[in-house]
Amino acid sequence: MTKYVYTFTEGDKDLKDLLGGKGANLAEMTNIGLPVPPGFTITTEACRHYLDHRTMPEGLDAEIEAHLVALEATLGRGLGQADDPLLVSVRSGAPFSMPGMMETVLNVGLNDDSVLGLATRGGDERFAWDSYRRLIQMFGRTVLDLDGALFEDVIDALKAEKGVTDDPDLDAADLRRLVARFKEIVAEQTGRPFPSDPREQMRQAIRAVFDSWNAPRAVLYRRRERIPADLGTAVTVCSMVFGNLGADSGTGVAFTRDPATGWPGVYGDYLQNAQGEDVVAGTRNTVPLAELATIDARSHAELMDIMDTLERHYRDLCDIEFTIERGRLWMLQTRVGKRTAAAAFRIAEQLVDQGMIGLDEAVQRVTGDQLAQLMFPRFDDRAVAGDDVHPLGHGMNASPGAAVGKAVFDSYTALKWSRSGERVILCRRETNPDDLEGMIAAEGILTSRGGKTSHAAVVARGMGKTCVCGAEELDIDTKNRRMSAPGGEVVEEGDVLSIDGTSGRVFLGEVPVVDSPVVRYFEGEIDPASDQADDLVRSVDRMMHYVDAARHLYVRANADTPEDAARARRMGAQGIGLCRTEHMFLGDRRRLVEHLILADTPEERRESLEALLPLQREDFDGILDAMDGLPVTVRLLDPPLHEFLPDITELSVRVAVAEARGESHENDLRVLQAVHRLHEQNPMLGLRGVRLGLVVPGLFTMQVRAIAEAAVDRIRAGGRPRPEIMIPLVGTVQELEIIREDALTVLRRVGEENGMELDLPVGTMIELPRAALTAGRIAENAAFFSFGTNDLTQTVWGFSRDDVEASFFSAYLEKGVFGVSPFESLDVDGVGRLIRIAVDEGRAARPDITLGVCGEHGGDPASVHFFHDVGLDYVSCSPFRIPVARLEAGRAAGRGPGHVH
Ligand code: PEP
Ligand code: MG
C-alpha cells in the first residue's frame with residue numbers, strides 16, 4: 001500500500017517532491033537532532049489523488065489517525081484534550097516555494113472546553129481566548145471560505161466601542177465576546193455550527209490546504225513561474241509552540257549570513273511575546289537578533305549553535321524561522337535562503353575556501369542573471385552615501401541599470417528633447433503602447449503605478465532600459481508636467497533625475513555613474529591578481545576559469561563593427577556568430593542604396609554597387625582584423641529595402657509642399673514612387689533576406705566579393721581571416737542553392753584574380769519553420785546552420801515582435817499566458833522542438849555541419865542550457881552577454897542533461 005504520511009523522523013531534505021520544501025526540511029532538521037516540535041507530513045501524492053478524484057485516497061484517514069495517536073503519545077496530551085490540549089498547525093508546503101499563495105490554519109484543536117485547559121496550563125486567560133478567536137477567524141476564511149472582512153469588522157467595532165485602537169488593548173473578556181460572535185457568524189453564514197471536534201477541525205483543515213493548491217492566486221503564480229500545475233502540495237501537521245506566552249517567549253527570523261552582502265555573521269529579527277504572523281504583519285517593531293543575547297542568553301547561544309550546524313549541514317546560507325516558548329527554543333522552518341547577486345558570488349567563494357564545496361558546485365550556486373547584475377553600470381556608492389545626493393523616494397526595481405536625465409512627462413517631449421541631444425527620464429503614471437517612442441528615446445523610465453509585469457517594466461526589460469516602476473510615493477502629474485515627492489520636493493519638467501533600476505531608488509539631481517569593476521575586469525582593465533581587484537572580481541575570475549574549461553559550447557558574439565568585435569573578444573568571444581550588414585548601409589551610404597533601388601538600367605545599378613563595394617570591403621577588413629584567427633559569420637543583407645528609403649509620410653509632405661510652391665521635386669517624386677512600390681503590409685514577412693538576393697541582381701554577389709576581397713587583404717597583411725558567408729531567411733533549399741552557387745562563383749573568381757584559393761564556408765540561418773522542417777535537404781547545401789531564434793519565434797508564434805511586445809505582452813504576462821516573453825527566453829516546447837528537428841536532420845544529412853544560434857536567446861541563461869542539451873556547437877550573443885553565456889554554458893555542462901532551469 002502507498003505510504004501517504006511521514007513523521008518528521010522519517011523523511012529528509014531530498015524528498016521535496018514528496019514532502020514539499022517545508023516538510024522535507026523539517027524532517028532534515030529533526031534527524032540532525034535540532035529541536036523541532038514533533039509532527040508529520042502528508043505527501044503531495046495524497047494531494048494529487050485528492051485533487052484528481054475529489055476524495056481522499058483509501059487508507060489515508062487511518063494513516064493520519066495512527067500518526068496523530070503516536071504524536072499524542074509522544075507529547076502525553078490529546079488533540080484538543082480539555083484539561084491540557086495538544087494544538088497543531090496545518091500548513092501547506094509545495095515542492096517549490098510559493099510564498100503566501102496557499103493556506104495555513106493554526107491552533108487547531110481549540111474548542112469551548114480546551115480553551116479553558118489552555119488558559120489554565122498556560123496560566124494566561126487572554127492568550128487562550130486570543131488563540132481561539134484566531135482559530136475561528138482563520139478557519140472561517142480558509143476552510144469555510146468566508147469573507148475575512150466579516151470578522152475584521154467585528155473586531156473593529158469592538159475596538160471602537162471600547163475606544164482603543166490596537167489588538168493588544170483587548171482583554172480576555174473582550175476576546176471571549178469575540179469568540180462567541182465569531183461562532184455566530186460561522187453558523188449564520190454556513191448554516192452549521194463551528195466544528196468543535198478537534199479531529200474534525202484537523203480533517204477539514206487538511207482538505208482546505210489541498211484545495212488551496214488550486215486557489216486562483218496559486219494557479220496564476222504557478223503559470224507565471226512555470227511551476228507545473230500537477231505537483232500538488234504537501235501538508236505538515238505540527239504540534240504548536242507559542243511565542244506569545246509572555247516576555248520569556250518570542251519569535252524570529254534569521255539568516256545564517258548576510259543575504260545582502262554574503263559576509264559571514266548572523267542576521268535576523270526578533271519579536272518578544274509574539275507569534276510568527278506578528279513579525280510578518282510588521283505592526284510591532286522587531287529588534288535585531290543580537291539583542292536576544294541580553295533578553296535570553298541561553299536561547300541565543302543555542303540558536304547560534306544551530307545556525308552554525310545548519311550552514312555546515314546544508315553547506316549554504318540558510319534562512320530560518322524559530323520560536324521561543326517560555327525559554328525553550330524551537331525551530332519551525334529552514335531552507336536555503338535567497339540572496340543578492342554579490343552575496344551569491346561571495347558565499348560560493350567563501351564556501352570553496354572553507355573547503356565546504358568544490359568549484360564544480362560553486363558555479364551551480366551562481367547564475368548568469370546574477371553575473372549580469374554585477375555588470376550593470378551603477379551609481380557610485382560613495383556619492384550615494386554622501387550629503388550631495390538627494391533621495392526622492394523609491395519604487396520597484398523593474399529593469400536594472402543606472403540612468404540620469406532630465407525629467408519629461410510625455411513621450412513627445414522625450415523624443416523631441418532626445419533628438420536635440422538631451423538625456424531624458426520619461427516619467428509617467430503608467431505607460432501604454434503610445435509611449436513606446438518616448439521609452440526608446442529615454443535613458444530610463446519611471447512610473448508611479450504598476451508592478452513588475454506592468455507595461456513599462458516589460459517593455460523596458462525587453463529593451464534593456466533602466467526602469468523603476470510603481471513608485472507610489474511619487475505623485476506624477478503629467479497634466480502639469482511635474483512630480484511631487486513625499487519630502488515636499490517638486491520636480492518640474494527639465495529637472496535632472498537619477499534612477500536606479502537595480503535598487504528602485506530615485507534621486508534628484510545627477511548622481512555619478514561608474515562602470516562596475518566586474519565589467520572593467522572583463523574589459524581587461526583590472527588584473528584579478530592586483531590590488532585593484534576586489535573580492536567580487538576575484539570570485540568571478542575564479543569561476544570563469546572553471547566554466548571555460550568545463551563548457552562544451554563555444555561562445556561567439558553578435559557584432560558588426562571593429563570596435564564591437566574587439567570588445568567582444570576582450571569579453572571572451574571565440575568568434576562572431578552574426579555580423580549583420582544592414583548597419584553598414586546607413587548614414588552617408590543610404591544615398592548609395594537609394595541609387596541602387598532607383599536604378600532604371602543595369603548600368604546604373606552596377607555603378608551603385610561598385611560605389612558600395614570598397615566601403616563594404618573596408619568594413620569587413622576591420623572586423624576580420626579584430627577577430628583574426630577566429631570565425632566571423634557575415635550575414636548578407638536581410639531587412640526590407642524600404643528601410644533604407646525616407647519615411648513615406650515625410651516624403652509625401654515634402655512633395656506636396658514643393659508642388660504647392662511650384663518648386664522642382666523631380667527626385668523626391670521618383671523616390672516617393674519607389675517608396676510606394678516597396679511599401680509592404682507585413683514587412684517582416686515580405687521582401688527581405690534571401691528573397692532580396694534573388695530579386696535584386698548583384699546585391700549579394702557584391703557583398704560576397706567584398707568579404708572575399710577583405711579576406712585577401714588580411715591574408716596579404718599576414719593575418720588569418722576566417723570569414724563565413726551566411727544567407728538569411730531561407731525557407732527552401734532551392735533559394736539557398738541559387739545564392740550559394742553565385743557565391744561560390746564569386747569566391748572562385750576573386751581567388752583566381754589574386755592567385756589564392758578562397759574556401760569560405762557558406763551556410764544559412766534557420767529562422768523559418770519551413771527551414772527547420774526541411775533541414776535535411778537544406779543541410780546538403782549548407783556548411784553550417786545558425787538558428788535565428790528571433791525570427792523563428794516570430795514566425796512560430798505568428799507574432800510581429802515590434803507590434804506585440806508593446807501592445808499586449810504585459811497583459812499576457814499578467815494573465816500568466818507565459819511567465820517570461822518567448823523573445824527573452826526560448827520557448828522550448830514550440831521553437832525548441834523545431835530546433836531539435838533541424839539539429840537531428842541537419843546532422844544526419846551532414847555529420848560535420850556546424851550548428852549555432854545567433855538570436856538573442858544565445859545570451860539568455862535558460863536558453864543556453866537548452867542549446868547545450870540539444871547539442872549545438874556554439875551560441876552567439878551581444879558582447880555584453882558573453883560572460884553570462886560562458887558561465888551558463890559551463891554550468892549546463894556540469895549539470896548533465898535535462899536541466900533547463
Ligand atoms: C534572428 O532572427 O534571430 C536573427 C538573429 O536575425 P535578426 O534578429 O537580425 O532578424
Ligand atoms: Mg532574423
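Atoms within each ligand, like the ligands themselves, are counted from 1 in listed order.
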Please step through side chain to side chain contact (heavy atoms under 4.5 Å, CB included) for the pair Thr732 and Arg770, ending with a clear verdict. CA-CA 7 Å; Thr732 169; Arg770 194 179 188 287; 3.5 Å; yes
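- Close contacts between ligand 1 and Asp638 involve ligand atoms 10 (O) [criterion: under 4.0 Å to a heavy atom].
- Each of the following atoms of ligand 1 lies closer than 4.0 Å to a heavy atom of Asp791: 1 (C), 2 (O), 3 (O), 10 (O).
- The N, O or S atom of Asp791 with the smallest distance to the Mg ion (ligand 2) is OD2.
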Applying side chain to side chain contact (heavy atoms under 4.5 Å, CB included), run through Phe867 and Leu826 and close with a yes or a no. CA-CA 10 Å; Phe867 298 132; Leu826 192 87; 4.2 Å; yes
Give the C-alpha distance, both sets of side-chain angles, the deciding distance and a yes or no for salt bridge (Lys or Arg N to Asp or Glu O under 4.0 Å) between Arg591 and Glu594. CA-CA 5 Å; Arg591 204 175 31 86; Glu594 202 172 290; over 6 Å; no
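- Residues Glu709 and Val750 are in side-chain contact: their nearest non-hydrogen atoms beyond the backbone lie under 4.5 Å apart.
- Here Leu792 has no heavy atoms under 4.0 Å from ligand 1, in either its backbone or its side chain.
- Centroid-to-centroid, the aromatic rings of His642 and His679 stay 6.0 Å apart or farther.
- Relative ring orientation between Phe585 and Phe644 is described as perpendicular, the plane-to-plane angle rising above 60° on a 0-90° scale split at 30° and 60°.
- Between Thr633 and Arg556, the side chains place a donor N or O and an acceptor N or O closer than 3.5 Å (distance only, hydrogens not considered).
- Looking at Glu767 next to ligand 1, an N or O pair under 3.5 Å apart turns up.
- Within ligand 1, counting atoms from 1 as listed, the ones closer than 4.0 Å to a heavy atom of Thr789 are 3 (O).
- Counting the atoms of ligand 1 from 1 in the order shown, those under 4.0 Å from a heavy atom of Leu578 are 5 (C).
- Here Arg580 has side-chain heavy atoms under 4.0 Å from ligand 1, and that is the only part of it that gets that close.
- A heavy-atom distance below 4.5 Å is not found between the side chains of Leu736 and Val690.
- Applying the ring-ring contact (aromatic ring centres under 6.0 Å, His included) test between Trp797 and each of Tyr812, Phe818, Phe809 identifies Phe818 as the sole match.
- Within the coordination shell of the Mg ion (ligand 2), defined by N, O or S atoms under 2.8 Å, Glu767 is present.
- Ligand 1 lies within reach of Met765, whose nearest heavy atom is under 4.0 Å from it.
- Heavy-atom proximity to Cys854, at under 4.0 Å, picks out these atoms of ligand 1: 5 (C).
- Arg635 counts as a contact of ligand 1, since one of its heavy atoms falls under 4.0 Å from the ligand.
- Counting atoms of ligand 1 from 1 in the listed order, those under 4.0 Å from a heavy atom of Gly788 are 1 (C), 2 (O), 3 (O).
- Near Asn790, with a cut-off below 4.0 Å to any heavy atom, the atoms of ligand 1 are 1 (C), 2 (O), 3 (O), 4 (C), 5 (C), 8 (O).
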List the steps and the verdict of side chain to side chain contact (heavy atoms under 4.5 Å, CB included) for Arg722 and Met627. CA-CA 8 Å; Arg722 292 179 54 196; Met627 276 289 165; over 6 Å; no
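- Of the heavy atoms in Asn558, none comes closer than 4.0 Å to ligand 1.
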